[in-house]
Protein chains: 4
Amino acid sequence: MKKREVHASVKDERLIQKRRDQMINGAVKLFIEKGFHRTTTREIARSAGFSIGTLYEYIRTKEDVLYLVCDRIYDQVRERLQKILDTKQQTTLDDLRQAIANYFRVVDGMQDEVLVMYQEVKSLPKDALPYVLRKELEMVDIFKQMLERCVENGEISLSENQIKMHSHNIYVQGQMWAFRRWELRKLFTLDEYIELQMEFLVEGAKGVKENTKECIYCETRNVPAN
Amino acid sequence: MKKREVHASVKDERLIQKRRDQMINGAVKLFIEKGFHRTTTREIARSAGFSIGTLYEYIRTKEDVLYLVCDRIYDQVRERLQKILDTKQQTTLDDLRQAIANYFRVVDGMQDEVLVMYQEVKSLPKDALPYVLRKELEMVDIFKQMLERCVENGEISLSENQIKMHSHNIYVQGQMWAFRRWELRKLFTLDEYIELQMEFLVEGAKGVKENTKECIYCETRNVPAN
Amino acid sequence: MKKREVHASVKDERLIQKRRDQMINGAVKLFIEKGFHRTTTREIARSAGFSIGTLYEYIRTKEDVLYLVCDRIYDQVRERLQKILDTKQQTTLDDLRQAIANYFRVVDGMQDEVLVMYQEVKSLPKDALPYVLRKELEMVDIFKQMLERCVENGEISLSENQIKMHSHNIYVQGQMWAFRRWELRKLFTLDEYIELQMEFLVEGAKGVKENTKECIYCETRNVPAN
Amino acid sequence: MKKREVHASVKDERLIQKRRDQMINGAVKLFIEKGFHRTTTREIARSAGFSIGTLYEYIRTKEDVLYLVCDRIYDQVRERLQKILDTKQQTTLDDLRQAIANYFRVVDGMQDEVLVMYQEVKSLPKDALPYVLRKELEMVDIFKQMLERCVENGEISLSENQIKMHSHNIYVQGQMWAFRRWELRKLFTLDEYIELQMEFLVEGAKGVKENTKECIYCETRNVPAN
DNA sequence: AATGAATGAGTTTTCATTCAT
DNA sequence: CATGAATGAAAACTCATTCAT
């Protein structure tokens, strides 16, 4: 749960927070525009409003900036999501619908940021990855919990595994609106997209059988190994 | 349909083919391992088995290598997919199931490559992007056509838009096995994954209502604009 | 009249001046020795007394160095010339003689630099050429003005065109001492050269007829076109 | 008098001649267009109509091509000049006028080539320079001889040194039409240029005093050493 | 003799990082 | 704390030259 520490030479915690905010805001814009590798530290510093020397008072390496940025993006997505969920104590299928719709809208509002993360996570410092992936899972977990409650209150019937699977599906189909926007935008408006996916994600899920004992495809090996 | 041309100084077409094969094979490994930006042209040359000078006899810029690699990956995924589909003349829901299962297995066999593409497309030379995205759509289209035939033969009932949407879902849920493997692998085996998603993608789709006239979520704007 | 700007990353104008001085001094020596193309940027940096990284803080491209060098050389030649001329208010033929002699001595003192310019102007960045050529003309103009005044005060009689022509001749015959030194040095000392050319340039000019109405050579076309 | 040898792997002298002709013709065009250093050997080969391998059958280094080109240009200028002069047995001032006019026209017809030589001689292989400079002097010598004969037949009166000096002046003022064409072209047509320079070179020379015993400028040292 | 694929040393340029002021 | 000049390792790319066919 603890955050990964990023070393700063400066002591004043309040100042650290302020400078990092500037830095992250500047960097996000640049990463969206040209990606992490094509963005220089000088550009980040300038866009943050201070000098390159100052930048390095608050981070140790360029990768630290990326970590800070990713961290921030997750926090924002999550925060917005949470804001909605917190009001609800228990969950009905309709609450899930609301949550999904809201989540999709959040993704729409942070398309660029979501995209950055999809493309740059691999450049994170090795030790930062777990922290970021954990946040990812926490968000999936939100949907998982909602699904569980819907199963509990009998509105829908899904196995343990199906719940896990489906929470990932909900999460990914939200992200999808961002990372496949080059095509989806041509086909649907956001409202249409929400409506269509809602059908598949909620109504469709009702039609799923809980226990498929025999899966005939598991034996299927008619694809050459490579 | 025409391929984007990559300039080569060498004339002999057969040689170009051979050298580019070497180059692509070497590069994929490196891109998987460290990403496009962290891979140097010298490494690519060495890993391909020839000198840096020779590398540049067959391409003009480093980005050309990336294009060649992406192009190749798509071709391979597609080729494997096609091999299966070509045998079938018409499509039943069961054929669709077969196709999905096979597709998921192909993705599993090319996880690394699929991942590379998700992360590096943005680094493609600007004029190469359309070529690559077209290939992507061609693959989505395979599923779209299968869905259409299933609708035609009455096994399932989906609107035009739902078909479009769902073909993307099928495609993305296959890719998902690659780009979220860090988590999915912990939860499911490939077989389990196939089985679970099949439920949602096929059985679930049966439960979808064709015409949702009124979508109550479309008006929902309870998410702050930013 | 404005100088062509050469971009520097460094802000401190005083420092820019200082570093560029070092750079130019180092570069001139190298250009004289081996020409622009055979001189590497690393050599320029080293010879200037700083690192390659620092060099590029003060210029954008290697060609910028050449422009800076050419610009400097002209400024120096001109400055020295001006210093002499400024003392004189009106011009007699004798002042012209003084000016020519002085100019020839300046060229002698900057032989290498003059040579560099003759050989490397063509390598200047395209947009820099006009600036350099303008400076060249300004120097020719100095002699033109002196000639005009000598004509005005009746010491010599030349047409408008003859003045233009002759100012170029004076200028070029000065440069000639630099760019044909490989031979002229064998034949004459600088003093002899000055004395001899003075005869042709000043006494000779007296014997020129102002209006040659008919030029019999203009019709002469006994040289095959190619 | 012997030419500098350029090594060829090929034996057949007739073939060597042919191939080198092709090579020189191709190279001149390229050197005029982009200079020696910016022209690649591959370009030379292509423009000559054969392969890079073949090029190196007839030369040893790129610099050899430059030597060959310079050599050829001098030969051509000279040849054209000679063609005219050979017809005359003795020389009158009028013959000199004819020769000068013709020479200027030759230069005009070979402007580009003359320019190339001015800019690229310094890149010649060290041991080739003497050969090229000798040719240069031979051409100056033509005018020297003509001047001498004019002095002999009493039409003009010049000292030994003045003759030497003036032959260089004639030669350089011809070249000047090429290397200062960027400005001279704006001022004069070729015919005007010839007419004007003729005045200075021939009529002017008549006004020159043969023996200036005392040169007051020789002592003049009012230019700071540097 | 002719070809052109292969080579790799050498070139320009960039940029993360440091450190003296 | 803030600055920004200095650094140099490392990167992409070029091109004269060789040599097997």
Side-chain angles (χ1 to χ4, degrees), chain A residues 8-12 15-16 19 37-46 50-65, chain B residues 8-12 15-16 18-19 37-46 49-65, chain C residues 8-12 15-16 18-19 37-46 49-63 65, chain D residues 8-12 15-16 19 37-46 49-65:
Chain A
S9 305
V10 169
K11 302 291 164 200
D12 182 343
L15 195 52
I16 291 180
R19 292 280 180 254
H37 281 102
R38 293 199 214 282
T39 301
T40 70
T41 50
R42 285 166 119 108
E43 287 171 322
I44 294 170
R46 192 178 337 125
F50 40 70
S51 73
I52 180 69
T54 301
L55 182 74
Y56 275 87
E57 293 287 312
Y58 296 92
I59 51 152
R60 258 225 246 277
T61 72
K62 191 187 172 191
E63 287 176 339
D64 281 344
V65 181
Chain B
S9 304
V10 168
K11 313 277 180 74
D12 183 342
L15 195 53
I16 292 180
K18 181 182 157 198
R19 292 279 180 259
H37 281 104
R38 290 200 215 284
T39 301
T40 72
T41 51
R42 293 193 116 85
E43 287 172 321
I44 295 171
R46 191 176 338 125
F50 39 67
S51 72
I52 181 67
T54 300
L55 180 74
Y56 276 90
E57 291 285 306
Y58 295 92
I59 51 156
R60 261 223 244 277
T61 70
K62 191 187 171 192
E63 287 177 338
D64 280 344
V65 181
Chain C
S9 304
V10 168
K11 312 275 180 72
D12 183 342
L15 195 53
I16 293 180
K18 180 182 157 197
R19 292 279 179 259
H37 281 104
R38 290 201 216 283
T39 301
T40 70
T41 50
R42 294 194 114 84
E43 287 171 321
I44 295 171
R46 193 177 335 125
F50 38 67
S51 72
I52 181 67
T54 300
L55 181 74
Y56 275 90
E57 291 284 307
Y58 295 93
I59 51 155
R60 261 222 244 276
T61 71
K62 190 186 171 192
E63 285 176 341
V65 182
Chain D
S9 304
V10 170
K11 303 289 166 205
D12 183 342
L15 195 51
I16 291 180
R19 292 280 179 253
H37 281 102
R38 293 200 213 280
T39 301
T40 70
T41 50
R42 285 165 119 109
E43 286 171 321
I44 296 170
R46 192 180 334 128
F50 40 65
S51 74
I52 181 67
T54 302
L55 182 76
Y56 274 87
E57 293 287 313
Y58 295 92
I59 51 153
R60 260 224 245 275
T61 72
K62 191 187 171 191
E63 287 176 339
D64 281 344
V65 182

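Note that these values count all heavy atoms, side chains included, but never hydrogens, waters or copies made by symmetry. By convention in this document, chain letters (A, B, ...) are assigned in the order of the sequence lines, proteins followed by strands, and residues within each chain are numbered from 1.
- Residue Arg42(B) places its side chain closer to dG10(E) than to any other of dG10(E), dA16(F), dT3(E).
- A close approach under 4.0 Å does not occur between any side-chain nitrogen or oxygen of Tyr58(D) and OP1 or OP2 of dA1(E).
- As rounded to whole Å, 15 Å separates atom P of dA11(F) from atom CZ of Arg38(A).
- The aromatic rings of Tyr58(A) and Phe50(A) sit tilted relative to each other, their planes meeting at an angle between 30° and 60°.
- Contact between the side-chain N/O atoms of Thr54(A) and the OP1/OP2 oxygens of dT3(F) is found at a separation under 4.0 Å.
- For the pair Glu43(A) CD and dC15(E) P, the interatomic distance rounds to 8 Å; values are reported in whole Å.
- Within the nucleic acid shown, Lys11(D) comes within 4.0 Å of sugar-phosphate atoms alone, with no base atom in reach, counting heavy atoms only.
- Every stem involving DNA chain E, taken as at least 3 paired positions in a row under the Watson-Crick or G-U wobble test at 3.5 Å, is listed here: E:2-21 with F:2-21.
- Nearest heavy atom pair, residue Tyr56(A) against residue Thr61(A), reads CE2-CA, 4.5 Å.
- In this structure, the nucleotide among dT3(F), dA5(F), dT17(E) sitting nearest to the side chain of Ser51(A) is dT3(F).
- Put simply, CG on Asp64(D) and NZ on Lys62(D) are 12.5 Å apart, with the number rounded to the nearest 0.5 Å.
- Between Ile44(B) atom CD1 and Arg42(B) atom CZ the span is 12.0 Å, to the nearest 0.5 Å.
- Along DNA chain F, the nucleotide nearest Leu55(C) and the nucleotide nearest Thr41(B) are compared for position; the residue whose nucleotide lies closer to the 5' end is Leu55(C).
- How far CZ of Arg19(B) is from CG of Leu55(B): 11.5 Å, rounded to the nearest 0.5 Å.
- Summarising the geometry, atom CD belonging to Glu57(B) is positioned 11.0 Å from atom NZ belonging to Lys11(B); distances are rounded to the nearest 0.5 Å.
- Residue-level contact check: Thr61(C) touches the backbone only, with heavy atoms under 4.0 Å from sugar-phosphate atoms and none from bases.
- Two residues, His37(D) and Asp12(A), neighbour DNA chain F, and the one matched to the more 5' nucleotide by heavy-atom proximity is Asp12(A).
- Taking OG1 from Thr41(D) and CZ from Arg46(D), the interatomic distance works out to 10.5 Å, rounded to the nearest 0.5 Å.
- Among all heavy-atom pairs drawn from Glu43(C) and Arg38(C), the shortest one is OE1-O, 3.8 Å.
- One can place CZ of Arg46(B) at 15 Å from C1' of dT7(E), the figure rounded to the nearest angstrom.
- Atoms CD1 (Ile44(A)) and C1' (dC15(E)) sit 12 Å apart, rounded to a whole Å.
- Taking atom CG of Asp64(A) as the reference point, atom P of dA16(E) lies 13 Å away to the nearest angstrom.
- Within the 4.0 angstrom heavy-atom criterion, only backbone atoms of the sugar-phosphate kind lie near Arg19(A); the bases stay farther away.
- In this structure, Phe50(A) places its CZ atom 9 Å from P of dA2(F), rounding to the nearest Å.
- Following rounding to the nearest Å, Lys62(B) (NZ) and dT14(F) (P) show an atom-to-atom distance of 15 Å.
- Remark: Thr40(C) is not in phosphate contact with dT11(E), judged by side-chain N or O atoms under 4.0 Å from OP1 or OP2.
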Using a cut-off of under 3.5 Å, enumerate the N/O to N/O pairs linking the protein to nucleotides 18-21 of chain F.
none

